[in-house]
Each structure stands twice: as structure tokens, then as C-alpha cells.
Amino acid sequence: MNPKEQHLQDESVLIAARREKLKRWREELGVEPYGRRVEGLISLGEARAMFDQSAHEKYKAGHEAQKANPSAKVIDHRKRARVAGRCIQHRLMGKLVFMQIRDWSGDLQISLSKAAVDETAFKIASKLDYGDIVVAEGPVGATNTGEVCVWAERFEVHSKSLTPPPEKFHGLQDEELRYRQRYVDMYANPQTIQTFAARSQIVASIRKFMERRGYLEVETPMMQPIAGGAAARPFVTHHNAMDMELFLRVAPELYLKRLLVGGLPRVYEINRNFRNEGIDRQHNPEFTMLEAYEAFGDCWTMLELTESLVHEMARGRSDEATKRRSDEGVHSRPTLPFGELMVDYAKPFARISYGELFKKHFGFEMSDEKKVLEVAKRAHMENVEKLDHWLRVSALFDEHAEREIDPAKPTFVTDFPSAISPLTRPHEGKPELSYRWELFIAGMELANSYTELNDPDVQLAKFTEQLRGADEEVKRFRTLDEDFIHALRVGMPPAGGLGVGIDRLIMLMTNNLSIRDVILFPLMRGEKSET
RNA sequence: GAUCGCGUAGCUCAGCCGGUAGAGCAAGCGCCUUUUAAGCGCUAGGUCCUGGGUUCGAGUCCCAGCGCGAUCACCA
């Protein structure tokens, strides 16, 4: 017997017990534990909200009175609910069963009295396993300890869980299992489902925001013959029928700009990009980006848009958090925790130019070629002699100057060097700088924007220049996109362009420090098939 | 790709200087009509990630590998 079979056999003792139970339910009770459609269900949150204290007290008083005088009538004004959920706690107390069930909206207790349900239902309820999915119906009341619950009068199992569940108090802690078996993580750790519900709501709000601003949502190719729009290494794939090498896109940029040429005034896309690079707490190989282009705008148009967008999302989250704490209005300042930080999203966000930030850290102008070279050498920068002055500046900036930004304050860093911004329009009279900014929050690069370059000749020159320095490996995927140049020759209106890392935004909005915690199924190495 | 850390029951974790593998939860069988990680009694559950090595003896020490995590590199 190989190790995997051995492992399965060990676990199968627990599975076998559940299978045995399943069999007994079918054969002895005539119950089919894999149910069908159920009408009229409400969420556990809705059911909890139906609790009526006075109806509950009247019913209880009536019940007590009936004990003393059996002919007394019990008035029951409690509202009835039909609910479904997964069992996450189960306690049997002789002729009473208490269980906690869970759905996306929260947890709710189901209480069963042997006297109130039929025999089969009570047998099932008393032998229920953690993980089973059940439907219960009855009045919404409370127990002696004040716990709101549905006092079930009907009770059915609608899905029998066969696998042993995680520990009920600690949940599923193993990071690897949490990502590989997200479906278990989601019910074992309620925080997980809340994070992804929040993600969904935030993305929906972003779409509404963009629509209000007059933007059209579009979908452009993810499989591209030429991977353009960013410098990252792409994933390579192949189309059999066309016998054609294709790349998963690293950015939608060049396609979205073609749409401006075609006449769409404001377009955006929220979708996946794929970059064949390292993985860490801020990078997953596939990630979601919002990219937006506004004809006749510029990077300042996009700055205002981004500031409003991020502010509005943060306000929504912060108000919601405040509401949860108390019902007395909301905070005026939208602040959200992120790890040890308390990030303040009040408008306006901080602004500082790339050059100012550089000078603040190094004490001299970034245009000072001698000093830049000197410091770069001292920092033991690789190939320092070969690099262009502005690439040295950029390397120093990334490594040191970025740290000058207050992580608790969203900060726009403006006027990036042109040398590292090939798709950006340079400043008039100061061609070494470009109309480009990046937004930093909590040490993360959250957004990147520029005034788009729409001069076809300058764009062609920049592409050609960039390709000249490329090695063989890079040339394989970064070829000149001649059709894009053609599109610019047809004529693209001036425009502001923007990219926002949605996963990172969700991290900030939900206080998750790892990108894997805001991606439902982060990339994992395949599990061993052998042994 | 580099460095560091982790990998023990289904889950959450102990396991000291190398000396017969431990707990809680979950599971099985009992008892219990107001529990809240319910409680009490009994039972069962292990290729200590894999493969080598050192040793009389390895969960523990060494080497290699696999997986996960963290940091760095890469990501104009």
C-alpha cells in the first residue's frame, strides 16, 4: 500500500462513520440526505432580524401559564422562518438539540425539542455531523440564555458532509489548506467569506462609480499575439488550429487605446492580467486591474478620479465599520486599519513630486549626474556604469526614496522621469520628466497614471529605442506592435490613462496583509500525483 | 532564483540534552429538556512530509528532496 492510500485509509475511518450514518438514514429512516429545491428560504441574517422580544416573552409567559393550567391558551405571535445553513456546532442534550448553522450572512442557532418535531427529524438532528447542510422551519424565538434561535418544527438534512471537518474553535489555520481548499476555509473561518463578499461589493461599487462618470466597460483580449503595455514577462501559450504562439496579456493598455482611436470617449476594463514574475505578499501571477482611459483628459483628470474613487470606497467601508460598532451616525474621517497602520483616506491625498521626494531623501537634485553616480556606486548597484543616468535615479528611488512616504497617508508621487515612462507624454520644455504619477498607500503601489502619448512618431521612436536595449529573451515577447502605431497614425485624441491594482485595493479595504487572502484561489504548486 | 522558518492523529497544537508517540477538539458507544468551544464516563485513531546518513537507539542530530510561509531578488 502506498503512502497516499495509507493516508486515505486513516482518514477513511472518519469518512466511513459518516457513510454508515448516511446508509442508516436512507435504509432505516427512509430519508434521502441529498435534497432538492427548497422554496421560501431566507438568509440567517434576515431570520435573526425577525426576532421579536415581546412576542417571545408573551409566548414564554403563556407557556408557563399552561403548565399551571393545561387549558390555558398560548398566544404565539412569533414570526416564522425557513432557513438553510451548514452545521458548525452541535450539542445534544437528551431530548433537546442545539446547533449553530452558518450561511454567508452569519450564524444562527437552531433548537429542536423532541416534542416539537417528528421522530425522524429528531433522530437526524441528534446525530447530525459538523458540516452537514440542513433546512429548518419554525418560529424565531430565543432560549433561556437569550440566544436567538429558530425553534424547529420541521427539520431536514439536504446535504450530508462526508469528510471530517476542521477544528470547530480554531477553524482551519493551515495556510496551505486554506488556499487549496478555499471552500472549507470559507465556512470554517467566517472572516474569509466576509472578505470576499466585501470584494464583490467594492468591485460593484467601482463599476457604478465609473458608470456615473460616463465610462463604458469593455473587454479586450487576454490572449495576445504581442504582449504589450507593460514590461513584465508574459506567460506563453499556443493555439493549435492556428498554430500560433500567444501570450497572456500583461496589460490591456494598447487595446483600450485603440478604442479611443475608434471613438469611445471614456472606457475602462476590470479584469485579469498575467505576469510571469515572482510571487510575494503583493504579487500573484494573475491579478485584477482596473484600467481606464478618458479622451481629452490628462493625468490630472485621472488623479482626481482616482482620489475620489479610493476615497469613496474607503468611506463606504469605514462607515460600515462604524455602523457595526454603534448606530449613532458615522465618522467624518474615513480611516481604515491596515495591519499596524491606521490609514487616513480623507481628501485631498498628499502630493509630492518624484524629484522632491528624491531630494528629500538624498539631499541633492536627481538631475545631478555626478552625485547620482557616486551614490549609486556606493550602494553597490549592479552594472552601475552601463546604466543610463535616469535608470540610476529610478533604481535609487525604488530602493530608498519610496520609504520617505508616510504609509498611513495615501500619497501621489508625480512627475516621473520620462526614461522609465515610455508610453507617457513628456513635459513641454522639460523632456526628461513626464506627466505621470503613482499612488502609494501603506507602502504599496496602488495606482499608476499618465497623460497618454498620442504622437505616433514619438511613440514609435520610444518603442524602437526600448527594443534596441532588449536581449534575445525579451525580444521574443516584446516585438513592435505595428498595428498600435498604425492606430496612433489614424489619430488618438489626447487622453488620461489609469491603472488601479484591484487586489491591493481590496487588501487595503479589508485589512488583509497578503494578496492571497483577497484572491479566492491563489496559484499553488500542483500537488504530487506520484506516491 | 537566494536565505531563513515550518511540516507530529481528520483539525488545532505539545513533545526538554537522542531512550516505548501526547493533549484538546472531531469520531464511535452511553447519560442528560435551555446548551454557547456544553458537561461526564468509556473506546478507537500515527509511514512523526519523503529518501538517505550518524548512532546500540532518530519525531528529535546531519545531508538531499518535496510542500507551505517570511525576507530578498525579479516585476521600466
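Heavy-atom basis, side chains included; hydrogens, waters and symmetry copies ignored. Note on naming: letters A, B, ... go to the chains in the order of the sequence lines (proteins, then strands), and numbering restarts at 1 for each one. Owing to the predicted nature of the structure, the values given are computational and were not obtained by experimental measurement.
A donor and an acceptor atom never sit less than 3.5 Å apart when one is taken from the side chain of Glu167(A) and the other from the base of A37(B). No N or O donor and acceptor, one from the side chain of His170(A) and one from the base of C11(B), sit under 3.5 Å apart. No hydrogens or angles were tested; on distance alone, a donor-acceptor pair under 3.5 Å links the side chain of Gln109(A) to the base of U35(B). Side-chain to base pairing of Ser111(A) with U34(B): no donor and acceptor N or O lie closer than 3.5 Å to each other.
Comparing the C1' positions of A58(B) and G45(B) gives an interatomic distance of 24 Å, to the nearest angstrom. Across C31(B) and C6(B), the matching C1' atoms stand 43 Å from one another, rounded to whole Å. For the C1' atoms, the distance linking A37(B) with A26(B) amounts to 12 Å, nearest Å. The gap from the P atom of U8(B) to that of C16(B) amounts to 15 Å, rounded to the nearest Å. Taking the C1' atom of each, C66(B) and G51(B) are spaced 11 Å apart, rounded to whole Å. Spacing between G7(B) and U60(B) at atom P, rounded to whole Å, works out to 11 Å. On the P atoms, C63(B) is 22 Å away from C68(B), given to the nearest whole Å. For the P atom pair drawn from G19(B) and G24(B), the interatomic distance equals 23 Å after rounding to whole Å.
For A76(B), the OP1/OP2 oxygens have no side-chain nitrogen or oxygen of Arg392(A) closer than 4.0 Å. When the side-chain nitrogen and oxygen atoms of Arg91(A) are compared with OP1 and OP2 of A37(B), none of them lie within a distance under 4.0 Å. A sub-4.0 Å separation between OP1 or OP2 of G28(B) and a side-chain N or O of Lys21(A) is present. OP1 or OP2 of G69(B) lies within a sub-4.0 Å distance of a side-chain N or O belonging to Arg516(A). Side-chain N/O atoms of Arg18(A) include none lying less than 4.0 angstrom from OP1 or OP2 on G10(B). For the OP1/OP2 pair of G67(B) and a distance below 4.0 Å, the side-chain nitrogens and oxygens of Arg525(A) include at least one atom meeting the criterion. In this model, the phosphate group of A27(B) is not approached by any side-chain N or O of Lys127(A) to a distance below 4.0 Å at OP1 or OP2.
Between the side chain of Ser418(A) and the backbone N or O of Pro431(A), at least one donor-acceptor pair lies under 3.5 Å. Under the 3.5 Å distance criterion, the side-chain polar atoms of Asp185(A) are left unmatched by any main-chain donor or acceptor of Ala188(A). Within the 3.5 Å criterion, the main-chain N or O of Thr192(A) finds no donor-acceptor partner in the side chain of Asn189(A).
A side-chain N or O of Ser54(A) and one of Asp52(A) form a donor-acceptor pair less than 3.5 Å apart.
Of the candidates C11(B), C68(B), A26(B), C68(B) carries the atom nearest the Glu175(A) side chain, counting heavy atoms from C-beta on. Checked against U34(B), A27(B), A76(B), the side chain of Ser394(A) finds its nearest nucleotide in A76(B). Side chain of Ala232(A), nearest nucleotide from C75(B), C11(B), C68(B): C75(B). The listed nucleotides are A37(B), A76(B), G69(B); the one nearest the side chain of Tyr179(A) is G69(B). Which of C75(B), C68(B), A27(B) sits closest to the side chain of Met524(A) comes down to C68(B).
Base pairing analysis places G51(B) opposite C63(B); the two distances defining the Watson-Crick or G-U wobble pair are each below 3.5 Å. Partner assigned to G5(B) is C68(B), using Watson-Crick or G-U wobble distances below 3.5 angstrom. Pairing of G41(B), defined by two Watson-Crick or G-U wobble distances under 3.5 Å, is identified with C29(B). With both pairing distances under 3.5 Å, G57(B) is matched to nothing as a Watson-Crick or G-U wobble pair. As the counterpart of U35(B), no nucleotide is assigned, since no Watson-Crick or G-U wobble pattern has both distances under 3.5 Å. In a base pair of the Watson-Crick type (N1 to N3 plus N6-O4 or O6-N4) or a G-U wobble (N1-O2 and O6-N3), with each distance short of 3.5 Å, U20(B) is matched with no nucleotide. With both pairing distances under 3.5 Å, G46(B) is matched to nothing as a Watson-Crick or G-U wobble pair.
Between Glu452(A) and Arg425(A) no salt bridge is recorded (no basic side-chain N to carboxylate O distance below 4.0 Å). Salt-bridge annotation for Glu404(A) and Lys359(A): absent, with no side-chain N of the basic residue lying under 4.0 Å from a carboxylate O of the acidic one.
Counting to the nearest Å, the P atom of C31(B) and the CG atom of Leu96(A) are 16 Å from each other. Regarding Glu147(A), its CD atom lies at a distance of 10 Å from the P atom of A37(B), rounded to whole Å.
Between Phe463(A) and Phe484(A), the two ring planes are tilted [angle within 30° to 60°].
In this structure, the side chains of Pro285(A) and Phe235(A) come closer than 4.5 Å at one or more pairs of heavy atoms.
Using a 4.0 Å heavy-atom distance criterion, Leu391(A) is classed as making no nucleic acid contact. Note on Gln466(A): a base of the nucleic acid sits closer than 4.0 angstrom, heavy atoms only.
C48(B) shows a glycosidic angle more than 90° from 0 and is accordingly assigned anti.
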